[in-house]
Protein chains: 2
Amino acid sequence: NVGLRRANVTNGVREVTLCKDQKGKIGLRVRAISKGVFISFVGNGTPAAMGRVRFGDQVLQINSENCAGMTSDKAMSKLRKSAPERIVLALRDRPFERTITLQKDSTNHVGFVFKGGKITAIAKDTSAARNGLLIDHALLEVEGQNVIGMKDKAILEIMAHAGKTITLTIMPNFVFDHMMKSMATSLVKGAMDHSIPEV
Amino acid sequence: NVGLRRANVTNGVREVTLCKDQKGKIGLRVRAISKGVFISFVGNGTPAAMGRVRFGDQVLQINSENCAGMTSDKAMSKLRKSAPERIVLALRDRPFERTITLQKDSTNHVGFVFKGGKITAIAKDTSAARNGLLIDHALLEVEGQNVIGMKDKAILEIMAHAGKTITLTIMPNFVFDHMMKSMATSLVKGAMDHSIPEV
């Protein structure tokens with residue numbers, strides 16, 4: 001199943017090397033949470049997107065310097081001050097996220113309601129109920145494709161066009177709300193990377 | 001590494017069949033969170049412990065009935081009313097937990113401070129810092145052995161006796177505090193299953 005492979009959360013560590021674009025940007029934002037630094041935004045078509053940096057990845061190191069205890073501003077400043085041709089990030093794959101795979105029923109429903117990208121209700125005796133999908137979670141990816149900032153209608157469209165099996169990537173609202181705090185809605189809605197990851 | 005295998009969080013679904021003991025108990029408690037039902041207590045030496053039910057497992061079904069949307073009381077009542085010789089649980093492996101593996105340095109430290117079983121600080125340039133261990137998390141298992149309710153000194157002892165590599169299982173305080181709400185401290189301290197899981 002390709003959606004499952006695209007979405008797969010490994011919690012593993014990888015190294016990514018980025019170059020700044022012509023404007024001197026790499027196209028990501030970070031947010032400090034509980035003494036860790038996390039990717040809170042990846043811009044569409046930016047070096048970060050091309051380097052497959054994902055929303056929710058934890059930045060362990062910037063150019064071999066540990067990020068533990070850094071503020072968001074400090075980490076952003078380290079990125080800005082990096083040499084344009086070589087920024088090396090050590091990333092841990094999305095620690096606060098997990099995937100859940102659901103099956104459409106004969107009416108093509110999987111059995112949950114969401115509003116503003118957040119899961120608000122589970123329908124009885126559906127795939128969502130059987131698999132233990134939870135409310136109070138944000139819907140981050142469908143089949144591994146980031147849907148943050150998309151309209152609910154667009155997300156429904158993506159689910160409708162997927163096969164009988166759908167893999168969702170979710171994160172507790174509690175963490176999500178912190179990640180998105182004081183992020184401009186226009187940025188998330190207009191410029192978040194929503195490309196389909198290669199596997 | 002045996003500790004890593006003992007601790008490994010798969011998020012997979014398994015079926016467990018339990019029988020009540022002579023007192024008519026199976027030795028577990030559950031807590032409803034976000035329309036899901038979770039194991040909040042496993043008693044030492046009880047049928048639940050012998051069936052390898054773990055703290056944090058999500059109960060998807062009790063005797064083929066979906067638990068989605070059940071209150072804690074409703075789920076406990078379903079368990080109590082079950083036939084003593086055959087209680088079938090469908091469990092999802094610890095959805096709110098993850099593991100992190102640390103290496104002891106030459107002074108046998110991994111680099112974090114905890115208090116009352118909760119991670120409160122990360123030391124600079126240590127294994128905990130390099131690996132992105134976070135504060136605001138509860139320490140649930142060391143090398144896959146449940147340590148909830150143990151004194152900090154006892155947990156330190158377990159870590160000291162482990163090898164150079166230590167795998168920790170953690171959960172955000174936010175979820176942990178909800179799981180433990182209104183649970184008697186004496187129950188957790190005195191009767192929680194702390195046995196070492198077989199692999």
Side-chain angles (χ1 to χ4, degrees), chain A residues 8-13 32-38 57-61 64-70 90-101 111-113 118-138 167 170-175 177-178, chain B residues 8-13 32-38 57-61 64-70 90-101 111-113 118-138 167 170-175 177-178:
Chain A
N8 186 32
V9 177
T10 66
N11 282 349
V13 177
I33 301 177
S34 300
K35 303 293 179 191
V37 170
F38 292 82
D57 283 339
Q58 184 177 3
V59 188
L60 300 178
Q61 298 185 329
S64 301
E65 186 177 351
N66 290 333
C67 294
M70 274 187 197
L91 300 174
R92 183 178 290 282
D93 189 36
R94 298 164 290 165
F96 280 113
E97 302 176 26
R98 62 190 176 95
T99 63
I100 188 156
T101 299
F112 72 95
V113 180
K118 286 171 169 178
I119 301 166
T120 55
I122 310 295
K124 274 209 166 207
D125 297 320
T126 59
S127 184
R130 278 190 299 280
N131 282 287
L133 187 66
L134 300 175
I135 65 165
D136 306 327
H137 279 68
T167 299
I170 59 174
M171 169 187 266
N173 283 350
F174 167 71
V175 185
D177 292 345
H178 190 82
Chain B
N8 186 32
V9 176
T10 67
N11 281 350
V13 177
I33 302 177
S34 301
K35 303 293 179 191
V37 170
F38 292 81
D57 282 339
Q58 184 177 2
V59 188
L60 300 178
Q61 299 186 327
S64 302
E65 185 176 352
N66 290 332
C67 293
M70 274 187 197
L91 299 174
R92 184 178 289 284
D93 189 38
R94 298 164 289 164
F96 280 113
E97 302 176 26
R98 61 189 176 94
T99 62
I100 190 156
T101 299
F112 72 96
V113 180
K118 286 170 169 178
I119 301 166
T120 54
I122 310 295
K124 273 208 166 209
D125 296 320
T126 59
S127 184
R130 278 189 299 279
N131 283 287
L133 187 67
L134 300 175
I135 64 165
D136 305 328
H137 278 68
T167 298
I170 59 173
M171 170 187 266
N173 284 348
F174 167 71
V175 184
D177 292 345
H178 190 83

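Every chain is numbered from 1, with letters handed out A, B, ... down the list of sequences.
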**Request:** Could you look at R92(B) and say if it's the side chain, the backbone, both or neither that has a heavy atom under 4.5 Å from chain A?
**Result:** side chain
**Message:** Given heavy-atom pairs under 4.5 angstrom as the criterion, report whether the side chain, backbone, both or neither of I100(A) touches chain B.
**Reply:** side chain
**Message:** I need the residue from A121(B), A90(B), G69(B), A129(B) with the largest number of non-hydrogen atom pairs under 4.5 Å to chain A.
**Reply:** A129(B)
**Message:** At a 4.5 Å cut-off on heavy atoms, which part of P172(A) comes close to chain B: side chain, backbone, both, or neither?
**Reply:** side chain
**Prompt:** If you count heavy-atom pairs under 4.5 Å with chain B, which of K35(A), R98(A), K124(A) comes out on top?
**Reply:** R98(A)
**Fill in**
Highest number of heavy-atom pairs under 4.5 Å with chain A among V59(B), L134(B), T99(B) belongs to L134(B)
**Item:** Spatial distance of atom OG1 (T101(A)) from atom CG (N11(B)) [nearest 0.5 Å]
**Value:** 10.5 Å
**Message:** Keeping Q58(A) on the side-chain end and G132(B) on the backbone end, is there a donor-acceptor pair under 3.5 Å?
**Reply:** yes
**Prompt:** V175(A), I122(A), N66(A): which one forms the most heavy-atom pairs within less than 4.5 Å of chain B?
**Reply:** N66(A)
**Full working for side chain to side chain contact (heavy atoms under 4.5 Å, CB included) between L60(A) and N131(B)** = CA-CA 7 Å; L60(A) 300 178; N131(B) 283 287; 5.5 Å; no
**Request:** Mind ranking G36(B), A128(B), P95(B) by heavy-atom pairs under 4.5 Å with chain A and telling me who comes out on top?
**Result:** P95(B)
**Message:** For F174(B) and F174(A), take the angle between the two ring planes, folded into 0 to 90°, and tell me which bin it lands in: parallel under 30, tilted 30 to 60, perpendicular over 60.
**Reply:** parallel
